[in-house]
Amino acid sequence: MSIYYVPDTKCFIIQSHAFSYVMEKDEKGVLHNIYTGKHLTDPENALCSLSHITGNFRSADVFPYREEYPCKNSFTFDPYCLRARFDDGTEDVRLIYKSHAIGKTKDGETLTITLRDSFYKFEVDLCYRTYTGLGVISKNAVIRNCGEKSVTLCDFGSGAVYTFRGNKIRLLHLGGSWGAEYKKTYSQVENGKFAISNQRGTCASHQHIPFFAADGGTANEKHGEIWYGLLHWSGNFKLEAEVNQCMCPTITAGINNEGCKYVLKCGESFETPLFTFGYTDGGYEKMRETLYDLQYDFLAPQNRIKKPFPIIYNTWYPYEMDVNEENCIYLVDKAKDAGAELFVIDDGWFPDRCGDQNVSGLEGLGDWFCDKHKFPNGLAPVADAVHKAGLLFGLWIEPEMVCEKTGLFNEHPEWVLGFENREPVKTRNQMVLNLARTDVLEFIWDTLYRIITEYKLDYLKWDMNSYITACGNALFDGNQNEIPVRYINNLYELFGRMNKAFPKLLIEVCAAGGGRSDYGMLPYADRINRSDNADPVDVLRLHEGFCEFLLPRFAGGAGNIAKNPSMHGRNVPLDYRAKLGMTGSMSIGMNILKMTKQELDELKNYLDEYKNMRNVTQNSYFYVLSSAFENHVTAWEYLSRDRRKGYLFIFCHGWVRSEDIILYPYRLRGLEENRKYRVNGYSIPFNSKAQNGVFSGSVLMNCGISADLRGDYRAAIIDFEAAD
Ligand code: DGJ
């Protein structure tokens, strides 16, 4: 990507091999978005794409008015990012160019365009950053009150994306509900508005992900123009897509302003979260390739993402909350023998934690010390046993929470979110701490620092099992409306401090399973709990939806090799469950204490196979050859980013001749046409004997290879590697 300014045409240009982004300041100084799309050879001449630009509302009724950072004012009716009320009641923001600066960072280039209101002392920095070699841009806004009197921000979006001009767009978005997250949904937007949003405070990626991919209705995996975007935010968000009367589709992204106003006093500023967006004409798979490169090379923790993530065994599967020193130590060697590399004590290790359903009335969250009855000598004996066995040691915590009968609540009832004259809101018998407060932030940080050092942790599973619905606090010393934003910023502050103080600590982000699967968490996460649902048929869709925007290597879950029967009572052979587990970040979800020697030996073999392949699968692209959302046979290709080595995973959960016979063969994607690849494990339909051979990329991508997988719950892995 390169960024430059062309004085002749007054254009700002952000240019990559795949993508051009052009802004122009008009004679009044208003900054317009001229073009967002396929690479232009002469982007400075893109001005013809808007037939007219005007600040006159009569003309705005006829011609598209694409303000780069659209504001609510008196002469447009179009979607906006910023609505601000000045002290005298004026709710009309008119931004014009003030200055700009182009710079460099270790990741790429930056552009800051400062706009100022034409009357009030009020400024907005539009900040753009690029990533070397990648066709995506991240942008956000820093909104500044330079006047003496307060300004109230009523809406404060991160930015807008304008696609092609046409009368409709189709939006791919992801969402669902607990246990059924990431459902791919396509919504048509035509002559009106469509929105997805979160008002649950946080942990709402069960319902909606702040992600969209817009196209004209015909894009598919391999072909088509797509404009896509993601908001890096784990709190309330909104994405709105509108096709206006000028047939100008606009998509805005930002924090959800519902119930949230931000007051900027004299000299104060507000920074919006990052909004990353891009364009491709190569279909969804090209979009994913770019998003994957972005995560591997820039967004994920760079000191940890290059290493394979270890295989987890978690006490939750044999014991749930019934953990103690003796049973944990007993389990360590068994977990090691089964093939695990990281031993995790889940929920239940702190005082009075017997359950979450008010059986005892004591549920302990908040008092983050070992239960003296369960762990009379603290956690050190378990940590030592784990380390002695050569495994890593990890712990579960849910630090944003407090239960009523705890020392913490006794001492600080004022730390809980809620309204004074209303019953406290409880989910799972627990209440949410007001992390918008600095004293709560410092309490959680002291707790984290203490347990990570004292218990010699290599891994931390950070859980959060509630929404934030009572977003008030009579005793909060700030503006109550600011809680939703301050809460999330302080959450990131805590994760950031952990990254800094413990750079090797592996972090799993979990929120009742998949409630925090978003780009806000990416700088801190090594693993993201995909879902609490590990049923092997449901996981096919969960994983495919998750991988639409997140790396497969992040995909943790309720045991990636699921227990049997599954939570839905489905009986599925170990071979199928183990191969499915290999597609994500492996954990053993079974009670290994109840497995026979033969089952354990089989499990170990699968885990050895996984250990051999994970260097590739954890640093690869992901292609959907047959979608779990459409077929009984799912086929996913994992291809190393140097395009030399890969695996084709095929899962058949119920073969139907009339439909699935046509799925043979699977045409690979992303290979080099002229390179020869050695292929192991393919088979010819109606002949299950596995075969090997050497084929060109061209043959593999055009003729394809097959696997004979008739029946129910059959799985195959075909591997291929460059032969030279
Ligand atoms: C919800 C998580 O998703 C589970 O993995 C487990 O850690 C439980 N919480 C513990 O309470």
Side-chain angles (χ1 to χ4, degrees), residues 176-182 200 202-207 234 311-323 328 331 340 342-360 362-368 371 374 393-403 406 426-432 451 457 459-467 506-518 521 525-535 538-539 542-543 546 554-563 566-567 581 584-591:
S177 56
W178 176 89
E181 300 86 353
Y182 324 112
R200 292 162 197 252
T202 187
C203 303
S205 54
H206 302 114
Q207 283 79 23
S234 313
I311 299 171
I312 296 182
Y313 196 64
N314 183 313
T315 53
W316 189 251
Y317 304 116
Y319 304 143
E320 296 208 340
M321 292 184 194
D322 195 14
V323 281
C328 283
L331 194 61
L342 164 57
F343 183 90
V344 180
I345 301 185
D346 209 277
D347 199 346
W349 55 273
F350 41 95
D352 302 319
R353 183 66 164 172
C354 318
D356 59 14
Q357 298 305 318
N358 208 11
V359 182
S360 62
L362 301 167
E363 282 89 25
L365 297 177
D367 292 345
W368 299 110
D371 183 295
K374 293 176 171 180
F393 181 52
L395 197 62
W396 175 98
I397 189 169
E398 195 176 358
E400 296 158 72
M401 291 292 166
V402 65
C403 294
T406 54
K426 290 186 184 169
T427 321
R428 250 187 153 203
N429 253 321
Q430 57 203 45
M431 297 168 290
V432 185
I451 67 161
L457 299 188
Y459 157 102
L460 188 84
K461 177 174 171 187
W462 180 309
D463 202 351
M464 163 60 163
N465 289 287
S466 179
Y467 302 121
L506 300 169
I507 298 174
E508 172 156 359
V509 172
C510 170
R516 271 190 182 152
S517 304
D518 60 64
M521 283 291 159
D526 300 279
R527 196 170 193 259
I528 297 174
N529 196 320
R530 181 182 54 205
S531 178
D532 272 343
N533 182 356
D535 177 275
D538 282 348
V539 163
L542 291 167
H543 191 59
F546 182 92
F554 289 137
N560 291 58
I561 304 186
K563 66 176 182 182
S566 77
M567 66 189 282
S585 172
M586 181 63 87
S587 59
I588 307 163
M590 294 170 287
N591 183 350

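Order of appearance sets the numbers: ligands from 1, and atoms from 1 within every ligand. These numbers come from a predicted model, not from an experiment.
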Query raised in the report: side chain to side chain contact (heavy atoms under 4.5 Å, CB included) with Asp347: which of Lys461, Arg353, Glu320?
Result: Arg353
Query raised in the report: Do you know the tightest heavy-atom contact between Cys510 and Asn529?
Result: SG-ND2, 3.4 Å
**Report entry** Donor-acceptor under 3.5 Å (Ser234 side chain, Thr202 main chain)
**Finding:** no
Query raised in the report: So is Lys461 in contact with ligand 1, going by heavy-atom distances below 4.0 Å?
Result: yes
Query raised in the report: Looking only at N/O atoms, are Arg353 and ligand 1 under 3.5 Å apart anywhere?
Result: no
Report summary line: atom 6 (C) of ligand 1: of Thr315, Asn529, Asp346, Asp532, the nearest heavy atom sits on Asp346
Query raised in the report: Going by the atom numbers of ligand 1, which of them fall below 4.0 Å from some non-hydrogen atom of Trp396?
Result: 7 (O), 10 (C), 11 (O)
Requested in this report: Could you tell me if any non-hydrogen atom of Ala558 lies under 4.0 Å from any atom of ligand 1?
Outcome: no
Query raised in the report: Phe546 vs His543 aromatic rings, parallel, tilted or perpendicular, using cut-offs 30° and 60°?
Result: parallel
Query - Under 3.5 Å: N/O of Cys510 near N/O of ligand 1 - result: no
Requested in this report: Compute the minimum heavy-atom distance from Arg428 to ligand 1 and say whether it is under 4.0 Å.
Outcome: yes
Query raised in the report: Against heavy atoms of Gly513, which atoms of ligand 1 measure under 4.0 Å?
Result: 3 (O)
Report task. Indicate the ring-plane relationship of Phe350 and Trp396, choosing parallel, tilted or perpendicular according to the 30° and 60° boundaries. Result -> parallel
Query - Charged N-O contact under 4.0 Å between Arg527 and Glu508 - result: yes
